[in-house]
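One-based numbering, in listed order, for ligands and for the atoms of each.
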Amino acid sequence: MTEWQHQAEAVAELIATSQRVLIFTGAGISTESGIPDFRGPDGIWQKYDPDDFTIEKFLSDEEVRKRQWQMLSSGDLAMLKAQPNAAHYAITELNSLGKLYGVVTQNVDGLHQKAGVPEDLVFQLHGNLSRAVCLGCGRRYPMETVAGWLNQGMADPACHFCMGMLKPDAVLFGEQLPSKILLESERRSRSCDVCIVMGSTLSVFPANLIPQYARQAGATLVIINLGPTEMDQMAHIRIEGKAGEIASLIIQYVKSKLGENHD
Ligand code: NAD
């Protein structure tokens with residue numbers, strides 16, 4: 001067995017003997033689905049100005065809003081068409097095995113739900129870009145619907161019911177995180193048995209508190225990531241590599257362990 005396989009086996013043992021496994025994901029889990037990160041060489045910020053993505057500018061500047069909608073309708077955002085990868089499906093399998101306590105994600109791509117994790121187990125700390133929200137009445141629209149309006153020439157779309165301002169349903173810079181989701185994520189992190197981080201540098205506050213809460217409350221912390229993270233020294237098990245390959249291997253081991261226990 002390679003060191004990698006040993007580590008995957010150890011994580012599988014933890015899962016097999018746990019009731020409440022909390023998964024915490026970041027942009028890295030979706031790169032295998034073709035979604036670039038924001039700051040890499042092919043990232044969105046190479047083409048667009050991050051300053052345009054503050055809530056203050058969105059509310060006050062019609063031209064900023066038009067640029068954001070134009071970015072969403074121009075097809076630049078691969079995430080609207082992306083499909084889940086092996087890592088997302090491995091997490092869905094954890095749910096089928098009765099082990100998943102929740103997925104707390106920083107991602108706005110909706111791929112955990114697309115992979116089959118029930119909506120009430122996914123806690124999207126930064127919102128979901130596959131929807132738009134009306135800032136007047138709170139009504140939500142599928143992004144495809146809004147994209148249709150944009151393609152018909154509506155540059156700064158408004159709610160069809162109250163004519164309120166529409167905003168992509170992702171958290172902009174300077175915007176509060178959704179408080180109910182943050183609170184529930186915190187509650188689950190403080191009461192999970194194992195917290196597994198996948199594809200995050202753990203550098204974005206306050207999302208990065210979630211694995212810390214889990215660790216402080218006595219859970220076992222596992223980090224699976226390509227490259228270093230801010231919390232490597234806190235991890236009980238740190239696996240360096242691609243989330244898709246590692247998560248698939250872990251699930252394979254979990255299944256064989258659960259099979260063994262049932263024999
Ligand atoms: P990050 O960019 O800070 O860290 C991603 C980490 O994942 C990096 O260390 C990278 O090396 C690693 N990685 C890349 N591919 C990997 C793979 N296949 N397997 C394992 N690790 C891999 O991401 P973050 O911590 O989520 O913070 C970035 C912020 O940007 C978040 O707030 C997030 O909301 C947002 N964002 C979201 C998406 C998305 O929804 N898919 C995409 C880009 C950025």
> Judged by atom type as modelled, is there a donor-acceptor pair below 3.5 Å linking the side chain of Lys114 to the main-chain atoms of Ala82?
Replying inline: yes
> Tell me, do Tyr141 and Arg139 make a side-chain contact under 4.5 Å, heavy atoms counted?
Replying inline: yes
>> With heavy-atom distances below 4.0 Å as the criterion, list the atoms of ligand 1 near Asp109.
In response: 39 (C), 40 (O), 41 (N)
> Going by the atom numbers of ligand 1, which of them fall below 4.0 Å from some non-hydrogen atom of Gly241?
Replying inline: 19 (N), 20 (C)
> Any idea which atoms of ligand 1 are less than 4.0 Å away from a heavy-atom of Ser30?
Replying inline: 41 (N)
> Which ligand 1 atoms does Thr201 reach within 4.0 Å, using its non-hydrogen atoms?
Replying inline: 1 (P), 3 (O), 4 (O), 6 (C), 8 (C), 9 (O), 25 (O)
Identify every side-chain donor-acceptor pair in residues 154-162 under 3.5 Å, counting partners at least two apart or on other chains, and give the distances.
residue: Asp156; atom: OD1; partner: Arg65; partner atom: NE; Å: 3.2
residue: Asp156; atom: OD2; partner: Arg65; partner atom: NE; Å: 3.0
residue: Asp156; atom: OD2; partner: Arg65; partner atom: NH2; Å: 3.1

>> Please list, in number order, the atoms of ligand 1 under 4.0 Å from a heavy atom of Glu32.
In response: 17 (C), 18 (N), 19 (N)
>> I want to know if ligand 1 touches Ile224 in the polar sense, i.e. an N/O pair below 3.5 angstrom.
In response: no
>> Heavy-atom contact check, 4.0 Å cutoff: does Gly26 meet ligand 1?
In response: yes
> Under 4.0 Å from any heavy atom of Val204, which atoms of ligand 1 are there?
Replying inline: 27 (O)
>> Taking 4.0 angstrom as the limit and counting only heavy atoms of Thr31, give me the atoms of ligand 1 inside it, by number and element.
In response: 14 (C), 15 (N), 16 (C), 17 (C), 18 (N)
> Where on Gln106 is there a heavy atom closer than 4.0 Å to ligand 1, on the side chain, on the backbone, on both, or on neither?
Replying inline: both
>> Could you walk me through whether Arg67 and Glu63 satisfy the salt bridge (Lys or Arg N to Asp or Glu O under 4.0 Å) test, starting with their C-alpha distance in whole Å, then the side-chain angles of each, then the deciding distance to 0.1 Å, before giving a yes or no?
In response: CA-CA 6 Å; Arg67 280 202 290 277; Glu63 289 310 312; 5.3 Å; no
>> If you take the nearest heavy atom of each of Gly28, Ala27, Ser33, which one is closest to atom 26 (O) of ligand 1?
In response: Ala27
> Can Lys57 and Asp51 be counted as an ion pair, charged N to O under 4.0 angstrom?
Replying inline: no
> What do you reckon, is CD of Glu56 surrounded by more than 12 foreign heavy atoms closer than 6.0 Å?
Replying inline: no
Would you mind writing out the side-chain donor-acceptor pairs for residues 239-246 within the sub-3.5 Å range, not counting sequence neighbours?
residue: Glu240; atom: OE1; partner: Gly227; partner atom: N; Å: 3.1
residue: Glu240; atom: OE1; partner: Arg238; partner atom: NH2; Å: 3.0
residue: Glu240; atom: OE2; partner: Gly227; partner atom: N; Å: 2.7

>> Is it the case that atom CD in Gln176 sees more than 12 heavy atoms from other parts of the structure closer than 6.0 Å?
In response: no
>> Closer than 3.5 angstrom, by distance alone: can the side chain of Asn95 be matched with the main-chain N or O of Thr92 as a donor-acceptor pair?
In response: no
>> Any nitrogen or oxygen of Pro228 lying under 3.5 Å from a nitrogen or oxygen in ligand 1? Just yes or no.
In response: no
> Relative to the heavy atoms of Ile35, which atoms of ligand 1 are at a distance of less than 4.0 Å?
Replying inline: 41 (N)
